[in-house]
Amino acid sequence: VLLSVDYSQVELRLAAALAGVEALKQAFRDGVDIHTLTASQVFDTPVDQVSSELRRQAKAVNFGIIYGISGWGLAQQLGVEPYEANDFIKKYLAKFNEIQTFMEDKKEEARENGYVKTLYGRKCTIKNINNKIPAIKQGAERQAINAPLQGTAADIMKKAMARMPKALKDAGLSAKMLLQVHDELVFELPEGDVEAASAVIRHVMESAAEPIVTLSVPLGVEIGTGPSWDAAH
């Protein structure tokens, strides 16, 4: 069978950690639904009263904010007017002001150096950060915000992949790592080994950031299995 193991909301977790957003970090530690919590915080609504629509809006901003989403872009996703989307983004950044500080710091870092760094010190070049054309400059600014997050997630994934073959071999398992797709690893293994392999793979992936970096939020994975890649999801 195939085994799919996907990092859960890894870039959101890294955003909470790198920006130092204590409310979000605690939510990840406690296993709270991050989108419901965000909606509760932004709309001053008790968690148990957050509607599915408010959660949907919060989810769009949670994922969009780490890509420097604009009010127009969010409006397109949510099917609302741009002024409504802009207001939501303002409320979000006011509630989680550490995110705003992180975003501005990364843009300034890129302007000064021409690059930003991942948590492991890998440099990500940001071209056009000082371009005179606003649209091009804004695109570079979005890259400066996202590169430390997406780049750190990529670093962690590569560390997990490098450690995986030995960990599986040491456990006496014949599971083979077939491919990586974004935040997901796909394995092929005998059906009878699924439980044992899942435990090994989970441990390797969830501890991959260490020992060089100790994150202030836990990493988590979601695991699925089946006779096809589709079935494993």
Side-chain angles (χ1 to χ4, degrees), residues 4-42 47 50 55-69 89 91-107 109 116-122 124 142-164 167 180-185 198-224:
S4 165
V5 189
D6 195 352
Y7 274 118
S8 174
Q9 302 174 337
V10 63
E11 289 180 33
L12 277 179
R13 292 171 187 264
L14 290 172
L18 270 64
V21 188
E22 195 53 46
L24 297 182
K25 289 196 293 182
Q26 192 60 50
F28 280 122
R29 294 187 200 113
D30 294 342
V32 173
D33 181 88
I34 200 69
H35 306 310
T36 299
L37 174 78
T38 297
S40 172
Q41 293 273 333
V42 172
V47 169
V50 171
R55 185 186 182 279
R56 183 179 75 89
Q57 293 181 20
K59 182 177 181 179
V61 176
N62 269 334
F63 284 121
I65 205 76
I66 57 179
Y67 292 96
I69 196 168
I89 291 173
K91 287 181 178 177
Y92 182 97
L93 294 176
K95 186 62 70 171
F96 304 120
N97 61 295
E98 300 95 338
I99 294 282
Q100 178 78 67
T101 301
F102 171 81
M103 293 165 68
E104 295 305 319
D105 286 349
K106 293 299 117 181
K107 289 188 284 187
E109 183 181 333
V116 292
K117 290 182 178 181
T118 70
L119 203 53
Y120 292 88
R122 183 165 58 87
C124 303
R142 289 193 291 272
Q143 291 175 5
I145 293 166
N146 181 248
L149 305 173
Q150 199 169 57
T152 298
D155 293 345
I156 290 172
M157 175 61 88
K158 290 177 178 66
K159 287 168 65 62
M161 292 173 70
R163 295 175 183 175
M164 195 66 71
Q180 174 229 347
V181 186
H182 303 296
D183 299 329
E184 173 189 6
L185 291 179
S198 295
V200 171
I201 294 165
R202 178 186 296 278
H203 173 72
V204 171
M205 291 180 69
E206 292 184 346
S207 64
E210 303 166 352
I212 298 174
V213 167
T214 300
L215 294 175
S216 54
V217 297
L219 294 176
V221 296
E222 296 175 351
I223 300 176

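Not one N or O on the side chain of E11 forms a donor-acceptor pair closer than 3.5 Å with the backbone of R13. Formation of a donor-acceptor pair under 3.5 Å by the R122 side chain with backbone atoms of K117 is not found in this model. Side chain of Y120 to main chain of G151: no donor-acceptor pair is present (N/O by atom type, distance under 3.5 Å, no hydrogens or angles).
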### Query
Taking it one step at a time, do I223 and R202 satisfy side chain to side chain contact (heavy atoms under 4.5 Å, CB included)?
CA-CA 8 Å; I223 300 176; R202 178 186 296 278; 3.5 Å; yes
### Query
Taking it one step at a time, do Q180 and E184 satisfy side chain to side chain donor-acceptor pair (under 3.5 Å)?
CA-CA 6 Å; Q180 174 229 347; E184 173 189 6; over 6 Å; no
### Task
Given side chain to side chain contact (heavy atoms under 4.5 Å, CB included), test V221 with D6 step by step and report yes or no.
CA-CA 5 Å; V221 296; D6 195 352; over 6 Å; no
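Looking at heavy atoms from C-beta onward, Q9 lies in side-chain contact with I34 at the 4.5 angstrom threshold. Counting only heavy atoms from C-beta outward, the side chains of L215 and L119 approach each other to under 4.5 Å. Looking only at side-chain heavy atoms (C-beta outward), F102 and I99 stay at 4.5 Å or farther from each other. No side-chain heavy atom of L14 sits less than 4.5 Å from a side-chain heavy atom of V217. Annotation: side chain of M164 is in contact with side chain of M205 (closest heavy-atom distance under 4.5 Å). Here the side chains of P218 and E206 are not in contact, with every heavy-atom distance at 4.5 Å or above. You'll find the side chain of I201 stays beyond 4.5 Å of the side chain of L185, heavy atoms only. Within the 4.5 Å cutoff, no side-chain heavy atoms of L93 are placed close to those of N97.
In this structure, the side-chain hydrogen bond (donor to acceptor under 3.5 Å, both in side chains) partners of E109, at least two apart in sequence or on a different chain, are K106. With sequence neighbours excluded, the residues forming a side-chain hydrogen bond (donor to acceptor under 3.5 Å, both in side chains) with Q26 are R29, D30, listed by chain and number. Here D33 pairs with T36, R55 under the side-chain hydrogen bond (donor to acceptor under 3.5 Å, both in side chains) rule; sequence neighbours left out. Not counting sequence neighbours, the partners of T118 by the side-chain hydrogen bond (donor to acceptor under 3.5 Å, both in side chains) test are D155. Take K95 and apply the salt bridge (Lys or Arg N to Asp or Glu O under 4.0 Å) test, not counting sequence neighbours, and it matches D44.
Of all heavy-atom pairs between V204 and A160, the closest is CG1-O, 3.6 Å. Counting all heavy atoms, side chain and backbone alike, A39 lies closest to V50 at CB-CG1, 3.6 Å. Taking each heavy atom of A147 and C124 in turn, the nearest pair found is CB-CB, 4.0 Å. The two residues V10 and A153 come nearest to each other via the heavy atoms CG1-CB, 4.1 Å.
Listed by first then second residue, pairs satisfying ring pair (Phe, Tyr, Trp, His ring centres under 6.0 Å) with a partner in residues 14-37 read H35-F63, not counting sequence neighbours.
Annotation: the span from T38 atom OG1 to Q57 atom CD amounts to 12.5 Å, rounded to 0.5 Å. Atom CG in L18 sits 10.0 Å away from atom NZ in K25 (nearest 0.5 Å). Within the model, atoms NZ of K159 and CD of E210 stand 9.5 Å from one another, a figure rounded to the nearest 0.5 Å. Rounding to the nearest 0.5 Å places CG of L24 at 6.5 Å from CG of L37. Taking CE of M103 as the reference point, atom CD of E98 lies at 13.0 Å (rounded to 0.5 Å).
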